[in-house]
Structures are given as structure tokens and as C-alpha cells.
Amino acid sequence: VTTNEAFPTNFLWGGATAANQIEGGFGEGNKGVSIADVLPGGKMRQQLLREKGLQFAIDKEKYTYPNHEAIDFYHRYKEDIALFAEMGFKAFRLSIAWTRIFPNGTELEPNEEGLAFYDRVFDELHKYGIEPVVTISHYEMPLHLAKEYGGWRSRELVTLFERYAKVIFQRYKDKVKYWLTFNEINGALHFPLMSMGFVPESEETKYQELFQAFHHQFVASSLAVKACREIIPDAKIGCMILAAPVYPYDCNPENVMHALEEERLLNFFCADVQVRGEYPSFMKRVFDERGVKLDIRDGDLELIKKHTVDYIGLSYYMSVTQKKDKMDDELIPGSVFDGVKNPFLKASDWGWEIDPIGLRIILNRLYDRYRVPLFIVENGLGAHDKVEEDGSIHDDYRIDYLRRHIEAAREAIADGVELIGYLVWGCIDLVSASTGEFSKRYGLIYVDKHDDGSGTLERRKKKSFYWYQRVIVTNGEVL
Ligand code: BG6
């Protein structure tokens with residue numbers, strides 16, 4: 001219900017996390033080993049995410065494994081949820097670790113200890129009136145499925161995922177009304193290991209492997225939507241895409257065309273399938289040119305057409321600027337998209353270009369195209385924080401970032417976009433997905449944990465904590 005105010009009265013303000021980045025509790029409660037558990041911390045992770053040769057083994061002599069303890073949400077969830085409640089959260093996004101429910105992914109019966117853990121977490125959230133927003137799969141597939149099945153390349157994962165989804169819908173049907181299927185499903189084009197569980201065999205077979213795996217995920221996602229509607233008729237289930245508007249470097253038509261092609265692949269390919277229920281027409285040419293022949297089984301396309309999502313969940317961190325022929329020195333070091341530097345934007349310490357207007361642009365582009373509600377389920381700034389001698393943390397740079405992005409969201413609403421919520425990514429400091437660092441901090445709550453694994457795990461409120469508290473209490477009137 002919208003009012004005359006800028007943000008709707010029931011707007012879902014809150015924060016977002018993922019199980020593998022906060023829980024820790026490695027091996028506890030019969031948890032199985034996930035893909036995130038074998039990813040080392042530090043620069044090594046970046047390399048492994050792109051290269052073949054992850055050993056699928058844990059070598060503690062050689063590496064550190066930050067996700068094993070993470071920030072210990074597994075034991076400290078009550079304290080953390082109390083802090084979220086103090087900030088006034090209306091919603092909290094978390095994911096369920098597949099490996100807590102099906103340790104290897106192949107069991108016929110779920111693990112009761114894992115199920116009971118999330119019951120406790122959801123009950124705690126409801127105690128404060130906080131709505132859980134749950135991602136079914138966020139970079140934490142069982143390692144066994146990656147090792148023995150080759151990840152989502154295998155059709156068998158569709159059935160295993162459906163079993164897992166049905167179990168959690170059944171168990172939490174009275175507690176969870178907002179669901180998301182695959183986190184940043186489109187991101188797998190750039191870093192498939194975390195979400196799809198494999199690195200392509202070779203450059204020649206890369207696209208065949210990737211698009212076939214996407215197809216399996218689309219079928220699995222549709223089956224999850226179908227099951228969700230049957231089991232929890234009053235729930236909303238969305239897809240989740242990494243949203244980043246793609247700009248042409250200049251008005252040279254070559255660059256404009258190139259940016260359009262990149263934009264379609266990055267922002268629209270997956271959403272077209274999951275929201276419109278069809279492969280977009282432009283994919284025929286992409287498949288032809290890249291030698292992709294999909295194995296589409298009888299009934300797949302009907303399933304995809306019938307069980308489309310209710311809303312689009314999106315993450316937003318940066319825009320991408322594209323140029324057809326680019327020189328090495330124009331590229332952004334550390335960028336995941338191979339874009340060129342945008343002369344109008346400044347970047348974070350990790351090279352992510354900060355662009356609040358880009359958020360308004362992509363919200364408009366998505367809403368113009370799909371006309372379904374949008375939900376910003378991730379946005380935030382990864383930065384180095386300094387703890388002062390008195391223990392305070394003055395993260396004005398983060399406040400500035402969040403303020404400018406929330407203003408952009410408000411403008412998009414004024415443009416006519418139906419936006420149902422805004423969740424700050426990493427509302428509490430957590431393990432970075434791409435680098436495994438603790439020092440890339442997103443939180444409004446500081447956690448005393450460091451890259452070398454040291455730290456007391458003590459929680460502290462940053463300046464941004466109090467700022468966001470006021471944003472929520474005024475429903476975005478005071479930014
Ligand atoms: C998104 C992911 O890509 O961005 C999160 O959904 C991730 O899991 C976030 O943490 C920020 O990325 P990073 O690499 O800075 O942690």
C-alpha cells in the first residue's frame with residue numbers, strides 16, 4: 001500500500017547475509033562440507049574461483065578457511081538478532097545452508113539438527129516481528145555434489161534440489177513467507193564455482209557447460225516455485241539477480257551495441273526466463289555463435305513457462321562500462337565484469353565503482369521490462385574500518401554510500417517503480433564472498449575478527465548503526 005510518503009508504509013527495511021558467510025559451526029549439528037568450506041581466505045580465493053584445480057580438500061597447513069568459524073552466528077544468533085531488532089529491522093535476509101539439511105545433498109531423509117537450528121533462528125526473528133527473507137541456495141551447495149556430480153552440469157541436481165526445497169517449505173511454511181531461489185543466478189557467467197559447483201573444463205566447452213547448468217537451475221527453480229505455491233500458498237517467491245546497468249563507453253554505435261549485448265546477458269537473460277517464463281529471442285544467436293546445444297527435456301519449457309516468480313530480488317553494488325575494443329590499461333583491476341573505467345565514477349578500495357544513479361537506472365530498466373515488484377536484497381559498501389581508542393567506529397563513508405543509494409531508490413519509486421524493500425548487505429561484518437577477507441567490512445555492526453583468524457568476535461555498533469536506525473524509524477524520511 002503506498003501513501004503520500006516517499007516509501008510505502010509497509011516497506012521492508014533491513015539487512016542481508018548468507019549462511020556460509022556468517023554461521024561458522026563447521027561440522028556442528030551434523031552439517032556436511034559445502035563448497036564454501038574448501039575456499040581459502042585471501043587473494044588465493046580469487047584465483048581459485050576462476051581457475052580449475054580446486055582440490056576439493058581442506059589443507060590447513062597451507063591455507064586459512066574463514067568460513068569455518070565466520071562470525072559464529074551459529075552460536076550468537078540471539079545476540080545478533082537483538083541488535084537487528086534494536087536497529088528496527090522489518091526484514092532479515094539469510095540463507096539456509098543446504099549442507100545443514102542434507103549434508104551430502106543425496107540423503108533421502110533430512111538432518112533434524114539442521115532443521116531445528118533454523119526453527120530457532122526464525123522463532124527468534126518473529127519474537128521481534130522481523131520477517132525472514134530466505135535464500136534457498138547462496139553459494140553453499142554440498143561439496144559432495146560438486147565432486148561426484150560435477151555440480152549443476154548434472155541433471156540429477158534438479159531432483160536433489162527439489163527434494164531439499166520441498167523439505168524446507170514444508171518445515172517452515174508457517175514461519176517464512178519470502179523466499180528466493182538461487183542467489184545471483186546470473187553471476188555464474190563470471191564466477192561459476194561458488195553457485196554452480198564447477199569451473200569449466202576448457203575455453204572451447206565453457207559456454208556449453210555453463211548454459212546447460214543454467215538450464216538445470218531454471219528447471220529446478222521452476223519446480224521450487226511450483227512446490228512453494230502448493231505448500232505455502234500465501235508466500236512470495238522470487239528470483240535473485242546481480243543487477244548492474246551496462247553503459248556504453250561513448251556514443252560510438254559499436255560501443256552502444258556492445259553494451260546492449262552485455263546488458264542483455266548480464267541483466268536480462270536469467271530474469272527473462274524466470275519472470276517471463278521464456279528464453280529470450282536474443283539467446284538463439286548467443287547459443288549459435290558459442291556452439292551451445294542445450295539438452296532440453298520434454299516438459300521443461302512448459303514448466304518454466306508455468307511457474308514464474310512473484311518478484312525480482314536484486315543485489316546492487318556497481319555499474320559496468322563497456323567498450324568493444326579495450327586496452328589492458330582501461331580495465332578495472334579486480335573487476336568481475338571486464339568493464340572499463342568510468343571517468344565519472346570513483347571506486348571502492350576493492351575497485352567496485354560507486355554509482356547511486358546506476359541503481360535508479362537499473363530499477364527502472366527492470367521494472368519497465370518486467371512489471372513485477374522489485375526488492376533490493378543486497379546493497380552496501382565493503383570498506384576498511386578503524387576502531388578508535390574509545391571503541392567507536394566512525395564509518396561516515398558507509399553512511400554516505402547508503403544514503404545516496406537509498407535516495408536513488410526513493411527516486412525510482414517516484415519514477416513509478418514498485419519497490420518492496422531495501423536490505424543492507426552484510427548488516428553485520430561477515431566473510432567476503434569473493435576474497436574470503438574479514439577486512440572487507442560491510443556491517444553496521446562491527447565484529448572483532450580479522451584476516452589472520454584472530455579476534456574476540458565481540459560485536460560493536462558503528463556510527464552507521466544509529467544512522468540506519470533513524471532511517472528506519474522515519475521510514476526513510478530522514479536520511
Ligand atoms: C554478492 C553476494 O555478490 O555480493 C554476496 O551475493 C557477497 O554473497 C556480496 O558477499 C559482496 O561481495 P564480496 O565479494 O565483497 O563479499
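These numbers come from a predicted model, not from an experiment. Ligands are counted one by one from 1 in listed order, and the atoms in each one are counted from 1 as well.
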(request) Give a yes/no verdict on a cation-pi contact between Arg369 and Phe268, requiring under 6.0 Å between NZ or CZ and the six-membered ring centre and an angle within 45° of the axis. (result) yes
(request) For atom 14 (O) of ligand 1, grab the closest protein heavy atom and report residue, atom and distance to one decimal in Å. (result) Ser434 OG, 2.4 Å
(request) With atom 5 (C) of ligand 1 as the reference point, say which of Trp425, Tyr317, Tyr316, Tyr442 has the nearest heavy atom. (result) Trp425
(request) May I ask you to identify, for Trp352, whether its side chain, its backbone, both or neither come under 4.0 Å of ligand 1 on a heavy-atom basis? (result) side chain
(request) Mind checking whether Trp350 contacts ligand 1 via backbone (N, CA, C, O), side chain (CB onward), both or neither, at a 4.0 Å heavy-atom cut-off? (result) neither
(message) Looking at Arg276 and Asp272, is any side-chain nitrogen of the basic one under 4.0 Å from a carboxylate oxygen of the acidic one?
(response) yes
(request) Please answer whether the main-chain N or O of Ser439 pairs with a side-chain N or O of His450 as donor and acceptor at a distance below 3.5 Å. (result) no
(message) Check for me whether Leu242 has a heavy atom closer than 4.0 Å to any atom of ligand 1.
(response) no
(request) List the closest protein heavy-atom neighbour of atom 10 (O) of ligand 1: residue, atom name, distance to the nearest 0.1 Å. (result) Gln21 NE2, 2.9 Å
(request) Between Gly426, Ala433, Ser348, flag the one that comes closest to atom 16 (O) of ligand 1 by a heavy atom. (result) Ala433
(request) Could you tell me the separation between the CH2 atom of Trp467 and the CG atom of Asp400, rounded to the nearest 0.5 Å? (result) 9.0 Å
(request) State whether the side chain of Tyr164 and the backbone N or O of Ile136 hold a donor-acceptor pair below 3.5 Å, judged by distance alone. (result) yes
(request) For residues Tyr172 and Leu115, determine if any side-chain heavy atom of one lies less than 4.5 Å from a side-chain heavy atom of the other. (result) yes
(request) Report the part of Ser432 (side chain from C-beta onward, or backbone N, CA, C, O) that has a heavy atom under 4.0 Å from ligand 1; answer both or neither where that applies. (result) both
(request) Select the closest option to atom 4 (O) of ligand 1 among Glu378, Arg93, Arg441, Glu140, judged by heavy-atom distance. (result) Glu378
(request) Determine, for Phe117 and Arg100, whether the Lys NZ or Arg CZ falls below 6.0 Å from the six-membered ring centre while staying within 45 degrees of the axis. (result) yes
(request) Show which atoms of ligand 1 fall inside a sub-4.0 Å distance from at least one heavy-atom site of Glu184. (result) 1 (C), 2 (C), 3 (O), 6 (O)
